[in-house]
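Below, chains carry the letters A, B, ... as their sequence lines are ordered, and counting in each starts from 1.
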Amino acid sequence: MADAGAGSLHGGDAALPCPPEEQELSQRLRRLYPAVNQEETPLPRSWSPKDKYNYIGLSQGNLRVHYKGHGKNHKDAASVRATHPIPAACGIYYFEVKIVSKGRDGYMGIGLSAQGVNMNRLPGWDKHSYGYHGDDGHSFCSSGTGQPYGPTFTTGDVIGCCVNLINNTCFYTKNGHSLGIAFTDLPSNLYPTVGLQTPGEIVDANFGQQPFVFDIEDYMREWRAKIQSTIKRFPIGDRLGEWQAMLQNMVSSYLVHHGYCSTATAFARVTDTTIQEEQTSIKNRQRIQKLVLAGRVGEAIEATQQLYPGLLEHNPNLLFMLKCRQFVEMVNGTDSEVRCFSARSPRSQDSYPGSPSLSPRHGSSNSHVHSTGADSPTCSNGVMSTKSKQSHSKYPTLSSSSSSSSSSSPSSVNYSESNSTDSTKSQQHSSTSNQETSRCKPVPVLLLWPRLGGSSPEEYYDALVSNAELSHGTDAVRAQHDSLHRSSAVEPLLLPQPADDCSKQLARPLVGEAAAPVNTGDSEMEMEAEHYPNGVLENSSTRIMNGTYKHEEILQTDESSMEDSCPQRQLCGGNHAATERMIQFGRELQMLSEQLCREYGKNTVHKKMLQDAFSLLAYSDPWNCPVGQQLDPIQREPVCAALNSAILESQNLPKQPPLMLALGQASECLRLMARVGLGSCSFARVDDYLH
Amino acid sequence: MACVLEAPLRMSVLSEVTASSRHYVDRLFDLDPQKVLQGVMLLYLLQQETSSTELRTECAVVLGSLAMGTENNVKSLLDCHIIPALLQGLLLPDLKFIEACLRCLRTIFISPVTPEELLYTDATVISHLMALLSRSRYTQEYICQIFSHCCKGPDHQTILFNHGAVQNIAHLLVSTSYKVRMQALKCFSVLAFENPQVSMTLVNVSVDGELLPQIFVKMLQRDKPIEMQLTSAKCLTSMCRAGAIRTDDSCIVLKTLPCLVRMCSKERLLEERVEGAETLAYLIETDVELQRIASITDHLIVMLADYFKYPSSVSAITDIKRLDHDLKHAHELRQAAFKLYASLGANDEDIRKKIIETENMMDRIVNGLSESSIKVRLAAVRCLHSLSRSVQQLRTSFQDHAVWKPLMKVLQNAPNEILVVASSTLCNLLLEFSPSKEPILESGAIELLCSLTQSENLALRVNGIWALMNMAFQAEQKIKSDILRGLSTEQLFQLLSDSDVNVLMKTLGLLRNLLSTRPHIDHIMSTHGKQIMQAVTLILEGEHNIEVKEQTLCILANIADGTTAKELIMTNDDILQKIKYYMSHSNAKLQLAAMFCISNLIWNEEEGSQERQDKLRDMGIVDILHKLSQSSDPNLCDKAKTALQQYLA
């Protein structure tokens, strides 16, 4: 799966059915220039039949160039450019030309030119044109007169041209020997160019079709090392303390953002830093996120309304998104509104004593016309604190209908008290553990920050661990530590099979522990160590942009654990009553959509969301249908992230963790560098610093 | 005893302090004898078997720290016989103690004041060190470092090689520790340097299924530390020069050579540039193809011109520290550049032209010839010598820059190694077509060259007589007389009886050149005829190779060409008999040379030819000529027929 994801970056060529030699070319180009986004900036692969002078003939897949003019004097010179300019993101670009025949006089020029430069000339004679000529071995830098540069070249020689887009220089090679710098201060967007002038001259280009004679990869290695050492040696000087504090802050804020409360606390203790957000607030967010990620969106919405009254009301788009997700989860059979009908989750039934009694009420409320629609399904647990009732006063119909049996659920009371009742927690854990524990994906952030730390990350980490062992958070940190190790073992295995195994192995003991009624920070931490709703970074940094990120590896593990628990997937868990409830909910959702449309105007995004969700019902097996991807638990994550960000924003906290912001900025910076022609971006990739 | 118990604590404190503060270390070895005693005490404690291992380890650590101080510290420690004491310590089983001893030994051996011979005084030491190589990465690092610093010259190489250094160290090249890899690599670079035996062995050694050359090539990769690239290039260079790797092998042509050229670039440190250029000069010295490749790689010839720009004018003004650094390396840089230019231009005329066309090249060589540093002078002369092989350059640039002037100056009172190359260069400058010939003669070259022929040094004798030979070629009468006078007949005879065939050949060549054109022949034979005839007889009678005898017969032929000189042969029956003998010799070259003599003697138009013809006929020469006219060898046949025609006329 991950492979396919990476491939989509170069979708342009991957999509075409290619002959083997074309595939080999694509492979070599990808290996040589991994930073190039070939969709945006395609690489030169052949000479352009459109961008050449008449006297030039092309053959052999537009790689062979021959002269077909009179060749009387320099006015008969003719050139051809490659199909595309050299992308700056190559960093170092290289092509070779073999002299098949020097023809009559061997007046051949090999070089570079910008688009639009006269083709009735040899490369190098005009502005923005650069060439190395075979007859005299001179280099021509936008001038009719050459400078002594290198040896002459003739039939049988292989001439290479290397463009260094980091320092904007160019050197040539002859039969694998570097001839030294020919040009400096080159402009960007130059095309590989050759020019011929007398009859019989024939040259073949190699844009990567064949292995190069010159060891260009060794040259690239040198520059990669240079740039990476520049980064490594970036002076921080006397700001060292500041630097460290900033890094610690980044890690801490990341942990806090995702609600890894205990980890964050342990980290803060060890590093002697403070956490801005209150513990209870973090825990609340953590709880809500867990609900979303477990597919219990209805409960999540409710909890949000209780804990952050007004939030969803002020974010109708978010609410709509949540409800759409809730509908999907109902189809999935995971939302508690349908789950309570299902016989196969006794634990959740136990822990939601109020639920069964509620559903009939909902059933009876079918006749209700929820004109506002917005909140009605969230009362699935039937519980609303007075607070939330007040906040819902905008929607009178809804609140009256939902408040009827509000006191029946102990969990809601806990929510409003906002913390620390054992039963709630364990209940949550048990019900979510199926999903959560399957995520063996580790925290990337801990792997990330020591790298950023620069000076001695390992020592620092060791110190962190050993300190932690003395303190209360021992297990917490150790869990992190363990997960780090696991991660290092698991991560390279992008294949689904091993990842599955791993997830199963991890899942079992953790389920047991989480289900245990003991509700200490430790057990919660264990959960956290395994459960990172948003913490997983896509392998390819190019996808990480300003803090949005997806993860696909998880998908494998999730599916497997899903299959573990329910080998046969059925609509709404196969329960008829649940299906009815789902359909009812769908109607409400439809109405909500209509209402939003009236209030805020048409919203194509909403329409699409709703359509997609409803489409699920059109198939007998929604899991294996064109829109079945929605049912994938991984799709909960953007929803979860959006909700989390909205909550944080409402608390006047940053909606993105600074770490992800930095990461996104770094990636975007590299992309911008490529766009404005700064070649060093190719050797300073974010990937190199992520594990 | 209380003192001993307390000691470890104080020692560890001391070792920490000493390692971090050189001033403190230096003070320890003050002139104050009390303080020198500390070292002695430490050594005493180190050697006490009753001391605990911990204490002895601390002692070794502190001694190691002391050795890090000034050279005086090391000297004092050497005076206390620290080396045997530490070597003794290596016999103990405790690894920590051994490591401390090795670390200290390492520090002492890498000091320039320590004679490396101290390592080789006891044969068992080397084998014990080899055995310790397996103990830990620290023993590996220190021992390799000791070896690479103490391996100077072929004797040391052989000792280490015979103790299995290659096998013992090879696997360290793939150690996980960079320091170990690097020190092992350095070991190989000194072991293989100019040592065919080691080089030939290395090429077949493999580690983890990979041959050493492959491992070295990997270490040449451009993202490896410069030190590693340079050192592995040195290893491969030695192996190539020893013939273990072909000069057209891609690992030399596409890896080693380009790597060494990169080491010459401006981006490298001055030390690296010096080493890079010297190694490259050695690599390409004898292979014209490598010279051609190097000459086009990365503008090497232009790049080298930069070696002469130190200290730069900028550094002199702005930065005293840098000026000091530049000055220190300026000589080294210049001599390395000259060496590399010499190698580059050794064979290819086009490359020589490119070198000479480099900015101010001839001026730089001329300046180099008069530098105070012997190394620079020597390298400059070598460079000049290499370029002097070009006929075109002799006629143009060499003349324009009057290189002969500084060259003649170098030849005065220079050490032999310079004299050898300089006189060799002079030989080229004295070639007949060289316009420098005249002014060189005028500046007293004859005297100088004659004195060279008396040198103990064989190469100098050869070059001296060779230069005289070149000088005498088609020279005017006066010069020839000057040469004969300057050389003196005794010296001439001395040279003719020289044990070296090269000297003999060039002396005969000189005689031949002196005895050319009739007036000169007659003049010289009138003054030195007797001696020359004696010498000729002597050589023809002696045990000499064909070339020598041929050359001698040619001299006789020249004498026979004289007007009055002819008589010296005609009156010498002994010689005539010898000529006759060589006419029938089995070697055609000698026959031909003898025939030249006869031909000259019986030539018709000359006065008294009839008598000479008669005398020779009486000797039976005509019969031989008849026989030779039937020879299958066309040269002999022609010559014999021409000679017989003289009789017919």
Asker: Can you tell me which portion of B:Ile296 sits under 4.5 Å from chain A's heavy atoms? Options are side chain, backbone, both or neither.
Answerer: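 The answer is both parts of B:Ile296.
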Asker: Report which part of B:Val302 has an atom under 4.5 Å of a heavy atom belonging to chain A: side chain, backbone, both, or neither.
Answerer: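 It is neither, since no heavy atom gets under 4.5 Å.
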Asker: Just by distance, which donor-acceptor pairs between chain A and chain B come in under 3.5 Å?
Answerer:
| unit_1 | atom_1 | unit_2 | atom_2 | d |
| --- | --- | --- | --- | --- |
| A:Tyr149 | O | B:His299 | NE2 | 2.9 |
| A:Ser178 | O | B:Asp298 | N | 2.8 |
| A:Ser178 | OG | B:Asp298 | OD1 | 2.3 |
| A:Leu179 | O | B:His299 | NE2 | 3.4 |
| A:Gly180 | N | B:Asp298 | OD1 | 3.1 |
| A:Asp215 | OD2 | B:Lys255 | NZ | 2.4 |
| A:Asp218 | OD1 | B:Arg222 | N | 3.0 |
| A:Glu222 | OE1 | B:Arg222 | NE | 2.5 |
| A:Glu222 | OE1 | B:Arg222 | NH2 | 3.0 |

